[in-house]
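Note sheet for the following structure.
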Amino acid sequence: MFCTASAASILATAANVSAEDLNDYPTSARADYVFACMKANGETRELLDKCSCSIDVIASIIPYERYVTAETIISMSQVTGPVGSEFRSTERAKLALQEFRRAQAEAEIRCF
C-alpha cells in the first residue's frame, strides 16, 4: 500500500512538472496558430482538432521563445529590401526556421 501511494505521488508530481514545462506557450499564441492553421486548411471541427494538436506538438518540441523567434523571422522575411533580406539570409535565421519546420513536420505526421 505504501509503495503504491508513494509511486502515485511521485508520478503525480512528475506529471505536473512535465505539464508546466510543456505549457509555456500563452493561450493567445496557441489560438493565433490554430486560427491561421484553420484559415489555411479549412474551417471545420475536424481541422480545429488537428490544428490544436499541431500547436501542442510544436510546443512539446520547441520552447516558446524559439517559436516566437521563428514566427518573427517568417513575418519579417516577407518584407522587401535590405531589412527582409537580413531575415532571409542569416545563418541564425536559417537555423531557427529549420527547427520550426522540423517541429511542424512532426506535428503534421502526428496530427494530420
Could you check whether any side-chain heavy atom of Y67 comes within less than 4.5 Å of a side-chain heavy atom of I55, counting everything from C-beta outward?
yes
Measure the spacing between CG of L47 and SG of C53 and express it to the nearest 0.5 Å.
12.0 Å
Do Q104 and R101 pair up side chain to side chain, a donor and an acceptor below 3.5 Å, judged on atom types alone?
yes
For the pair S60 (side chain) and V57 (backbone), establish whether a donor and an acceptor sit closer than 3.5 Å, ignoring hydrogens and angles.
yes
Can you name the residues that form a ring-ring contact (aromatic ring centres under 6.0 Å, His included) with Y64, not counting sequence neighbours?
Y25
Under 2.5 Å between the SG atoms of C111 and C51?
no
Would you say F100 and I109 are hydrophobically clustered, going by side-chain heavy atoms of ILVMFWY under 4.5 Å?
no
Against E99, only a single residue in K94, R92, R66 fulfils salt bridge (charged side-chain N to carboxylate O under 4.0 Å, His left out); can you say which?
R66
So, taking the atom named CG in L95 and the one named OG1 in T69, what distance separates them when rounded to the nearest 0.5 Å?
12.0 Å
Interatomic distance, CZ@R110 vs CD1@I58, rounded to 0.5 Å, equals 10.5 Å
Check for me, please, whether I73 and V68 land in the same ILVMFWY cluster - side-chain distances under 4.5 Å, paths through other members count.
yes
Residues, nucleotides or ligands: over 12 heavy atoms within 6.0 Å of F35 CZ
no
Could you check whether atom CD of E65 has more than 12 heavy atoms from other residues, nucleotides or ligands sitting under 6.0 Å from it?
no
So that I can tick it off, tell me whether R102 and E106 are bridged by a salt bridge, with the cut-off set at under 4.0 angstrom between side-chain N and carboxylate O.
no
Evaluate S28 against Y33 for side chain to side chain contact (heavy atoms under 4.5 Å, CB included), listing each step before the verdict.
CA-CA 9 Å; S28 60; Y33 182 92; over 6 Å; no
Distance (rounded to the nearest 0.5 Å) between C37 SG and D32 CG
12.5 Å
Under the criterion side chain to side chain contact (heavy atoms under 4.5 Å, CB included), I'd like the reasoning laid out for M38 against S52: C-alpha separation, chi angles, the key distance, then a yes or no.
CA-CA 10 Å; M38 289 179 69; S52 297; over 6 Å; no
Does Q98 have more than 12 heavy atoms from other residues, nucleotides or ligands lying within 6.0 Å of its CD?
yes
Would you check, one step at a time, whether the test side chain to side chain contact (heavy atoms under 4.5 Å, CB included) holds for D49 with R45?
CA-CA 7 Å; D49 293 337; R45 174 66 190 166; 3.4 Å; yes
Shared hydrophobic cluster, F87 / V79 (ILVMFWY, side-chain heavy atoms < 4.5 Å)
yes
List the steps and the verdict of side chain to side chain contact (heavy atoms under 4.5 Å, CB included) for D56 and R30.
CA-CA 8 Å; D56 290 344; R30 289 177 185 263; 2.5 Å; yes
